[in-house]
Amino acid sequence: MSKYRTHTCGELNITHKGNEIILSGWINKKRDHGNLLFIDLRDNYGLTQCVIDKSNKIFNDLEKLPLETVIKIEGTVLERTKETINKNIITGQIEVKIKKIFVLGKTKELPLPVFSDQEYAEEIRLKYRFLDLRRKKIHQNIILRSKVISFIRLEMQNFGFLEFQTPILTSSSPEGARDFLVPSRLNQGKFYALPQAPQQFKQLIMVSGFDKYFQIAPCFRDEDARADRSPGEFYQLDLEMSFVEQEDVFNVIEKLFVKLFKNFSKKKILDEKFPRISYSDAMLRYGSDKPDLRNPLQIYDLTEIFKREDVKFDIFKKLVKSGSVVRSIITKKTKEKPRSFFDGIDNWAKEQGSSGLAYFSLEKNDKILGKGPVGKFFSEESLKEIMKKTNAAVGDTVFLSCGKKNEVEKILSQARTKIAEELNLIDKNVFSFCWIIDYPMYEMDELSKKIKFSHNPFSMPQGDLNNINFLDPLNIKAYQYDIVCNGIELSSGAIRNHIPELMYKLFEIAGYSKSDVDQKFSGMINALSYGAPPHGGIAPGIDRIVMLLADEKNIREVTMFPMNQNAQDLMMNAPSKVSDEQLKELGINIKKKN
RNA sequence: GGGGGUGUAGCUCAGUUGGUUAGAGCACGUGCCUGUCACGCACGGGGUCGAGGGUUCGAGUCCCUUCACUCCCGCCA
């Protein structure tokens, strides 16, 4: 028998009536009646009400113990009377009559209460994370995370995947995010980099003939944080498969995700066969490559309308002549909404840094006309054309944005969310997955006007590999895909380029010489030259999956020991200074800040 | 690097047009209370109003600077 407990605090029920038992845990809550004291004892498994009265000599000592003291209780399980049963806790049918107690761990005055559902300042929560983690909601989130990871492991093994570890200390690579660097003592002046993802390693695993690999892999990227993006480190379900095409990867993920999300959430999955949307379609219809498909609003291009003679909206017409586009969002049956609704949206758009959203509603007297600030600029014929293009009807409202294509995409993407929220159009009880496919291989860097890889440089280009038009690189599409759920990007993946000659060619377009590639990606390019199988994979973000399942908006709510927005660990005091001896060994001098 | 929000007791917050000794709930302390489960009642301790400067007879409140946290943009193949 354990010295500390015979049962956990979530275990006792009516069948234990009369038993002599031992419990250990934290004092969650006291209710002191002066001559009668209730103590809710808490551990990982639950709560048990313990009771003592004045007839016991230790009553006065127990009465004085502060909340969160760790104690061991010896006592008897009593059946509660009918009126005193607590249906809210699993042990609510019984209580423990205390005979003896032992204090196992004292507490200082608490910097934040554990017994409370209130929200607390992030700073104090992170500094005292061990207290914060005792609180019910986040405690359950972390347990959920553990279960999700176990579930994924099991499923992946059932699919025939092998789990491997890959190095944490590796080399810096020129593409992608900023690296975290680790100085080398034995090779002074040189640095390791922490992996941004095990990308090259997993491809090497395929070349090594292991066929199907996965890992719950830590990834390190030195970029600024967001609510759904931890600074520094995060976890991916990293996987790679040999002898596969895009649809084979989709098949595994769809099976896994449907099972996973059904198992851990009551929300419905909108389409179990996830819709495939091309990148260009997504940008046109949703203004984003991570559309929230729960949102029924769509974006329509109306640029052509503003080239018509019978449309007199001169500001937009002038902009269209100089290459701008006009796109719209239609809201259904919003004609009667108060002016404040429309102006609110317009003002919001201006706050987002755009020139605002023009709007008018469609009305019909003897003919169709536009009502609202810019409605008068449109002829009946032009309005009919708009209705045809957008499926708008009388009573609907047309919101318009005009500007450079990428600016319009951005503001309408945000407006789509904003308007849907205002009109309460988003079903919160649904998971809506989709695949975004057919990403372009390259894009133009706006600043340098140079061609660069738009996503993963190791992706396989689409089409006949012997006939790729390298002179028109911006039109080369890649077998590169993202999976999106409820507007959250869960992952990118790709079918990889396993042909060295083709890879040199593709890197050349992005400005890397053969020797650049040989040097920067030596491990991989070398390996691909010795018989590499066609392969591909994907790497869904674990943290974001758990966020969706836990219904949390912030990644720190599903991360045990997160850093704050400035990438500091307030509990462990990281990052911190190191001794001069340590620096000397590494051959590093710290420059003083001016 | 840029923009927004927040900062008052250990914690969550209120604080009027600039005006007496800055309040409430929880927590903590003392006392009363034998069936509570957010127990109740009474009393009490606890404040660099984030920091610095300024305006004023007088600043939690107005102005300037600055710091911290947070959300967003940039960034994140």
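Reminder, nothing fancy here: chain letters follow the sequence lines and each chain counts from 1.
The A:Pro66 side chain lies nearest to B:C28 when the options are B:C28, B:U12, B:C33. Closest to the side chain of A:Gln568, from the set B:C69, B:G74, B:U70, is B:C69. If you check B:U36, B:U30, B:U70 against the side chain of A:Arg556, the one that comes closest is B:U70. Looking at the side chain of A:Tyr120, the nearest of the listed nucleotides B:U34, B:U12, B:C76 is B:U12. The side chain of A:Gln565 lies closest to B:C71 when the candidates are B:C71, B:U30, B:C69. Checking B:G74, B:U34, B:C37 against every side-chain atom of A:Asp40, the shortest atom distance belongs to B:C37. Among the nucleotides B:G74, B:C39, B:G35, the one closest to the side chain of A:Lys29 is B:C39. Closest contact between the side chain of A:Thr84 and the listed nucleotides B:C69, B:G35, B:G1 involves B:G35. When distances are taken from the side chain of A:Glu63 to each of B:C37, B:C71, B:C33, the shortest belongs to B:C33. Listed nucleotides: B:C11, B:C75, B:G35. Nearest to the side chain of A:Asp224: B:C75.
Across all strands, A:Lys87 comes closer than 4.0 Å to no nucleic acid atom at all (heavy-atom distances). A:Lys127 comes within 4.0 angstrom of nothing in the nucleic acid, heavy atoms only. Using a 4.0 Å heavy-atom distance criterion, A:Glu95 is classed as a base contact. Note on A:Pro111: only backbone sugar-phosphate atoms sit closer than 4.0 angstrom, heavy atoms only; bases stay farther off. Using a 4.0 Å heavy-atom criterion, one finds that A:Asn564 contacts the sugar-phosphate atoms exclusively. Contacts of A:Ser492 with the nucleic acid, taken as non-hydrogen atoms under 4.0 Å apart, are absent. Across all strands, A:Lys452 comes closer than 4.0 Å to no nucleic acid atom at all (heavy-atom distances). Counting any heavy atom pair closer than 4.0 Å across all strands shown, A:Glu122 reaches sugar-phosphate atoms only and no base atom. At a threshold of 4.0 angstrom between heavy atoms, the contacts of A:Gln199 include nucleobase atoms, whether or not backbone atoms are also involved. Nucleic acid contact class of A:Asn554 (heavy atoms, under 4.0 Å, all strands): sugar-phosphate only. Using a 4.0 Å heavy-atom cutoff across all strands shown, A:Asn88 reaches no nucleic acid atom at all. Counting non-hydrogen atoms under 4.0 angstrom, A:Arg125 reaches nothing in the nucleic acid. In this structure, A:Ile89 reaches neither bases nor backbone, as no heavy-atom distance under 4.0 Å exists between it and the strands shown.
A salt bridge does not link A:Glu501 to A:Lys514: none of the charged side-chain nitrogens sits closer than 4.0 Å to a carboxylate oxygen. The existence of a salt bridge linking A:Asp132 and A:Arg125 is confirmed by a sub-4.0 Å separation between a basic side-chain nitrogen and an acidic carboxylate oxygen. Taking a cutoff of 4.0 Å between a charged side-chain nitrogen and a carboxylate oxygen, A:Glu557 and A:Lys137 do not qualify as a salt bridge.
The base of B:C33 lies outside donor-acceptor range of the side chain of A:Arg31, with no N or O pair under 3.5 Å. Side-chain atoms of A:Glu119 stay outside donor-acceptor range of the base of B:U12, with no qualifying N/O pair under 3.5 Å. For A:Arg229 and B:C76, a side-chain-to-base donor-acceptor distance below 3.5 Å is present, hydrogens and geometry of angles not being considered.
Between the P atom of B:A27 and the CG atom of A:Asp32 lies a distance of 12 Å, rounded to the nearest Å. Rounding to whole angstrom units, CD1 of residue A:Ile98 and C1' of B:G35 are separated by 14 Å. Rounded to an integer number of Å, the gap from CZ of A:Phe115 to C1' of B:U12 is 15 Å. A:Asn28 has its CG atom 11 Å from the P atom of B:A38, to the nearest Å. Rounded to whole angstrom, the span from the CG atom of A:Asn60 across to the C1' atom of B:C32 amounts to 14 Å. Per the geometry, CD belonging to A:Gln118 stands 7 Å off P belonging to B:C13, to the nearest Å. Note: CZ (A:Arg135) to C1' (B:C11) measures 10 Å, nearest angstrom.
Heavy atoms of other residues, nucleotides or ligands lying less than 6.0 angstrom from OH of A:Tyr192 number 12 at most.
The separation of B:G5 from B:U20, taken at their P atoms, amounts to 29 Å, rounded to a whole angstrom. Rounded to a whole angstrom, the distance from the P atom of B:U16 to that of B:G7 is 13 Å. Nucleotides B:C11 and B:A38 have their P atoms positioned 25 Å apart, rounded to a whole Å. On the C1' atoms, B:G50 is 7 Å away from B:C67, given to the nearest whole Å. Spacing between B:G46 and B:G25 at atom C1', rounded to whole Å, works out to 15 Å. Only the P atoms considered, B:G19 is 11 Å distant from B:U61, to the nearest whole Å. Going from the C1' atom of B:G47 to that of B:A14 covers 15 Å, rounded to whole Å. Nucleotides B:U8 and B:G60 have their P atoms positioned 15 Å apart, rounded to a whole Å.
In terms of phosphate contacts, A:Asn566 brings a side-chain nitrogen or oxygen within less than 4.0 Å of OP1 or OP2 of B:C69.
Residues A:Ile468 and A:Leu502 have side chains in contact (heavy-atom distance under 4.5 Å, counting atoms from C-beta outward).
Under the side chain to side chain donor-acceptor pair (under 3.5 Å) test applied with A:His535, the options A:Gln203, A:Arg496, A:Lys202 reduce to a single match, A:Gln203.
In this structure, A:Lys505 is positioned above the aromatic face of A:Phe470, its NZ or CZ under 6.0 Å from the six-membered ring centre and within 45° of the axis.
Under the stacking definition used here (centres under 5.5 Å, planes under 30°), the residue A:His33 qualifies as stacked on the base of B:C39.
Taken to the nearest 0.5 Å, the CG atom of A:Leu239 stands 9.5 Å off from the CD1 atom of A:Ile216. Interatomic distance, OG1 of A:Thr48 versus NE2 of A:His7, reported as 10.0 Å (0.5 Å rounding).
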